[in-house]
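Just below is one structure, and these are the notes that go with it.
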Amino acid sequence: MTAATAPEAAAASTPGEGREPDRQAPTSRTVRRGLPLVPAVVLLLAFMAGPIVYSLYLAFTNRALRGEGASETSFVGFDNFTQAFASADFWNAVGLTLLFTLVSAIIGQNLLGMALALLMRKANKLVTALTGAVVIGAWILPEVVAAYLWYTFLGDEGSLNQVFTAIGLPPQDWLFSVPILAVSFANIWRGVAFSMLIYTAALAQVSPEVEEAATMDGAGRIRKFVSVTLPIIRRSVATNLMLITLQTLSVFGLIFIMTAGGPGTSSQTLPLYMYEQAFSYGQLGYGTAVALLLLLIGGLASLAYLKMLPEEEKS
Amino acid sequence: MLRFVGGTAIALPLAACGAGGGNENRLRIAYQQFGSGQVMEDYLTRVIEQFTTERPEVVVELVPIVAAEHDYFTKNELMMSSARTAPDLVYEDTFILQADVEAGYLRPITELVEAWPTWEAVFEPGRTAVTADDGEIYAVPTHTDTRALWYHSGLFEEAGIELPWAPTTWEELLETFRTLQSELGEDVIPFNIFSGKAQGEKASMQGFEMLLYGTQDTLYDEESQLWQLGSQGFADSLDFIRTVFEEGLTPNLGDALDPNVGETIYNSWLPEGRLAVNLDGSWISQNWIEGAPGEWPEWSDVMQLATMPTQDGADPGFVTLSGGWSWALPALSSRSELAWEFLQQMLTVENMTELAVTDNQIAIREDIAAQEDYLGYSPTVEFFTELVPDATYRPAYAPYPQVSAAIQTAMETVMTGQGSVEEAQAAYDEDVIGIVGEDGAEQAG
């Protein structure tokens, strides 16, 4: 594959690039440079392309693990998709997925991560180190452990209710009454470290002179942040938003352990809906179709973030 | 030269495959391994020893599938769907058996079992459970479980209710719960019935179906082979659920919808005397035996049993749902004869009695139910075994898991008061049509 595309790529780039000093053998150089990529491409094709093509195929069949669809698999066209679009449970899952992503990633992790990064810039080293350790500690916990911690924290006889009772407040039942917010909080707690690290790194590159100059011009703190700091780090913001959105769209274990999508379907996001259809009900074809729709949502979100970047930065 | 080398390189793995696949004396047995339980492995190892003493050429390979309920079904089905991975004997929940038959994963064994003398000893409901729509038998049931009302005799005495308690209709049940409520006050929950989606299959089977199968109606009509819609029994069962939750005879909604409420019931509410009646399965006493997390030596004195009455006391006077497991032969296995020989050794009276005793099982066979070792192993086993001949099995066809989810949704609607009984039933009927199609269901009555 590399051998086939390399000459074309080289041919396309040679005429315009007058400043290239090494003109004798651009083709062989491109090949040389491409070589280290070969193992990665082969691995991707072997382990990713196969399953992706297979799942595209599955989504258009009635393939099931048990029952009739298992003995005879046949093409059903867009039936799985029309079934999904006609299903109230599917739309419920889409809505919850978007809400979960909005609350826990775009608002929660993103803003809290930014706030932490800004505060840590001002704080003394000890506070910075301690906060960093605690926040990153939450991040490195395995998902299952974090989810179970939150389940025991918010549970009926959990530690939060013991604190509430001790200070005379009525007990909460958020896992039951507002499950999607409960899992969102857990996801913020767990994922904020990632945004914090990205923003800490981005802020470190904002040179103090620029900010000082703004201060000299009489800009207040908020003005300085909105008009100077934020534009400088906007690429990091877009990257961070894209990554945490994609991560959050596919969160499964955290919700599965805390609420299992319940009560009823009130915290059943798309990954849980997909799992239930494909593995509890054995409807592999339908489950795969839902998975593709989830992929589509992720793709649309990525496109939206790319659009946010100014034209010259998209290369 | 080069060609020759290439040829050998390709031929070698093929030869290796052939040896593995074609060995007539190699048996692979798949079963569920959940948690740290050793019972199944010990049992199979014992049978292997017995079997290979006479047939030393046979090699038996155990394939423990480490997974919880649904994941076990999934992994098992994936293995059975290919000749390269299909085991020679599989352990199947009767709940999923029909769906696997429909998928073509299993081999009919009617002729084999009918020529096997022990088959006569299998109780009728067990035989029905392993017989598919086409009239063929597909598996040998090993054991079962039954369901009834567990009640706390201490609390009953405190409330002044006469013992032994033997309710004969739903109305009597409700009266007892109301008495418990008024006599014992807020600290004691009169009654637990698993309900709602969070409880999963427990809600459908231990909860709803224990009610519905005590009415004149069913979920599925075996004769017309259609799912039943709009039945009076369904509405009455939902109304029973609505009543107990509305009157506060049950745990509060937060607890009732907690997926782990079972643990709380076994490890704290019952031992601490905070719950009076629990509608549950025959196995729950295993939570209280020595060494269990909720160890409770006094349980056999305190916890008493009553059968779950039918709606109006109709024959046989009680209702119990049964589940259970079975051994089946995958269609793609090439060593079915050997597997059947091995299975017969597994199912001898001695081997099955020992397994029943160590695994807290309810026997599905007359010959095992008559063993002294079996009858003596737990104070409750006799009670639960006597229910077996009248037990009802779920209509475990392929759509059942989805229908079951629709039942749980309907239960949740009425228990939370989000909708009326009529609305919940209408939504259930709509769900069922969505699952099995217009042709798969009919109006009851």
Side-chain angles (χ1 to χ4, degrees), chain A residues 62-73 79 82-84 86-90 92 148 151-152 154-158 161 170-179 182 255-268 272-273 275-284 286-287, chain B residues 67 69-78 80-81 96-106 195-201 251-261 264 268 331 396-406 408-409 411-413 415-416 418 427 430-431 434-436:
Chain A
N62 67 345
R63 178 90 170 95
L65 274 173
R66 53 189 82 108
E68 277 174 35
S71 51
E72 280 172 59
T73 303
D79 275 11
T82 45
Q83 192 192 336
S87 153
D89 283 343
F90 171 77
N92 172 57
Y148 199 75
Y151 172 75
T152 53
L154 292 176
D156 208 26
E157 289 175 13
N161 272 350
Q172 54 76 32
D173 60 351
W174 296 331
L175 279 177
F176 164 66
S177 55
V178 280
I255 305 180
F256 190 72
I257 291 168
M258 284 181 67
T259 67
T265 51
S266 45
S267 58
Q268 192 179 51
L272 280 107
Y273 177 68
Y275 173 85
E276 182 186 73
Q277 296 298 322
F279 297 112
S280 300
Y281 300 160
Q283 304 296 322
L284 283 187
Y286 182 66
Chain B
E69 194 183 7
H70 277 300
D71 296 330
Y72 172 70
F73 302 151
T74 306
K75 289 184 181 181
N76 207 4
E77 283 156 344
L78 286 172
M80 287 192 293
S81 65
I96 209 77
L97 188 75
Q98 307 282 356
D100 284 349
V101 168
E102 221 176 306
Y105 292 145
L106 301 175
S195 182
K197 274 199 93 170
Q199 307 306 335
E201 187 54 24
N252 66 48
L253 283 178
D255 286 327
L257 292 173
D258 177 349
N260 300 320
V261 74
T264 318
S268 85
Y397 302 101
Y400 178 76
Q402 280 162 283
V403 172
S404 172
Q408 293 151 30
T409 308
M411 291 176 98
E412 197 161 304
T413 306
M415 72 189 270
T416 55
Q418 284 167 348
E430 214 171 282
D431 282 351
I435 297 162
V436 300

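A note on names: the letters A, B, ... follow the listed sequences, proteins ahead of strands, and every chain is numbered from 1.
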Indicate yes or no for a side-chain donor-acceptor contact from A:N92 to the backbone of A:S266 under 3.5 Å, with no hydrogens or angles considered.
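Looks like no, no N/O pair under 3.5 Å.
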
Considering only heavy atoms and a distance below 4.5 Å, find which of B:T416, B:T413, B:L257 pairs most often with chain A.
B:L257

Would you check if there is a donor-acceptor pair between the side chains of A:Q268 and A:Y275 at a distance under 3.5 Å?
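Side-chain D/A pair, A:Y275 to A:Q268: absent.
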
Any side-chain donor near an acceptor of the partner, B:Q408 and B:S404, under 3.5 Å
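There is such a pair (donor and acceptor under 3.5 Å, judged by atom type) between the side chains of B:Q408 and B:S404.
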
Distance check, rounded to the nearest 0.5 Å: [X] atom [atom1] versus [Y] atom [atom2]?
X	Y	atom1	atom2	value
A:Y286	A:D79	OH	CG	11.5 Å
A:F90	A:Q277	CZ	CD	11.0 Å
B:L97	A:R66	CG	CZ	12.0 Å

For each of A:L65, A:L175, A:T259, tally heavy-atom pairs with chain B at distances under 4.5 Å, and name the one with the top tally.
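Most heavy-atom pairs within the cutoff with chain B belong to A:L65.
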
Please state whether the side chain, the backbone, both or neither of [X] comes within less than 4.5 Å of a heavy atom of chain A.
X	answer
B:I96	side chain
B:Q402	both
B:T409	neither
B:Y397	neither

A:E276, part contacting chain B, at a heavy-atom distance under 4.5 Å:
side chain

